[in-house]
Amino acid sequence: GAGVSQSPSNKVTEKGKDVELRCDPISGHTALYWYRQSLGQGLEFLIYFQGNSAPDKSGLPSDRFSAERTGGSVSTLTIQRTQQEDSAVYLCASSPEDRPLDTQYFGPGTRLTVL
Amino acid sequence: AQSVAQPEDQVNVAEGNPLTVKCTYSVSGNPYLFWYVQYPNRGLQFLLKYITGDNLVKGSYGFEAEFNKSQTSFHLKKPSALVSDSALYFCAVRAVSGGYNKLIFGAGTRLAVHP
């Protein structure tokens with residue numbers, strides 16, 4: 001079946017502009033996660049959605065970052081007033097539920113470059 | 001604090017030789033451990049996971065990992081390396097935060113398999 005998809009695959013923007021990154025999880029998966037992978041660094045957790053529960057926003061680096069998940073499916077990560085340090089690959093993952101044993105399946109990522 | 005350590009930035013192996021990519025963890029409670037692989041310009045692909053049961057876990061592409069509770073390790077292994085195994089490998093532990101679960105990743109180990 002179809003995996004996690006993300007769009008766009010690449011995004012180049014100017015400093016100060018807003019960007020929106022989209023994630024389509026695997027159909028039927030109730031849990032959705034956003035991570036950031038910066039050059040030369042590991043993966044950093046950003047935000048997590050599980051069903052209709054309030055999202056875990058503990059990983060968002062600043063109030064310029066926000067995310068929503070409409071209808072329990074598609075999610076959008078928004079970065080306002082982008083800065084050069086926001087340049088990274090943004091990865092989305094989904095899992096069937098949020099049990100510790102559930103595997104997270106990742107999308108191909110969106111590479112964001114802020115000039 | 002819950003964490004994952006991958007002590008080697010890079011591992012070099014000759015094709016046909018056995019390989020080991022090291023991972024140690026620190027977590028309160030039962031550990032749920034995962035290995036992912038990332039090929040160039042691709043998202044993360046799930047390899048295997050340890051939840052409970054046998055300490056030797058078998059996964060995709062001939063990889064396996066050995067869970068060692070006393071040493072808090074979860075090293076990734078393969079009996080005979082292929083050039084196509086060259087990629088970036090991430091170890092991750094499932095951590096419970098505020099009632100939700102998220103993956104905490106190691107910094108990654110680059111595996112280079114030489115012909």
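The basis for the numbers below is simple: all heavy atoms, side chains too, and nothing from hydrogens, waters or symmetry mates. Labels below follow one simple rule: chain letters A, B, ... track the order of the sequence lines, proteins then strands, and each chain is numbered from 1.
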For B:Y50, is it the side chain, the backbone, both or neither that has a heavy atom under 4.5 Å from a heavy atom of chain A?
neither
Got a second to check how far B:F90's CZ is from A:F106's CZ, nearest 0.5 Å?
9.5 Å
Please tell me if the side chains of B:K49 and A:Q104 come closer than 4.5 Å, counting only heavy atoms from C-beta onward.
no
Are A:Y105 and A:V74 connected, step by step, through hydrophobic side chains (Ile, Leu, Val, Met, Phe, Trp, Tyr) whose heavy atoms are closer than 4.5 Å?
no
Please list, one pair per line, the donor and acceptor atoms closer than 3.5 Å that link side chains of residues 106-115 of chain B to other protein atoms, with sequence neighbours excluded.
| from | atom 1 | to | atom 2 | distance (Å) |
| --- | --- | --- | --- | --- |
| B:T109 | OG1 | B:Q6 | NE2 | 3.1 |
| B:T109 | OG1 | B:E8 | O | 2.8 |
| B:H114 | NE2 | B:N12 | OD1 | 3.4 |

Could you give the distance from CG (A:L43) to CG (B:L44), rounded to the nearest 0.5 Å?
5.5 Å
So, the side chain of B:R94 versus the backbone of A:T103: is there a donor-acceptor pair under 3.5 Å, distance only?
no
To the nearest 0.5 Å, what is the distance between CD1 (B:I104) and CD (A:E44)?
12.0 Å
Using heavy-atom distances under 4.5 Å, tell me whether A:Q6 contacts chain B through its side chain, its backbone, both, or neither.
neither
Taking the six-membered ring for Trp, are B:F105 and A:F45 ring centroids under 6.0 Å apart?
no
Taking B:Y32 as the starting point, is it possible to reach A:Y48 by hopping between hydrophobic residues whose side chains are less than 4.5 Å apart?
yes
Atom CD of residue position A:E14 - does it have more than 12 heavy atoms of other residues, nucleotides or ligands inside 6.0 Å?
no
I need the full list of disulfide (SG to SG under 2.5 Å) pairs touching residues 37-70 of chain B, with sequence neighbours left out, sorted by first then second residue.
none
Would you say A:L32 ends up clustered with A:I26 if hydrophobic residues are merged whenever their side chains have heavy atoms under 4.5 Å apart, either directly or through other cluster members?
no
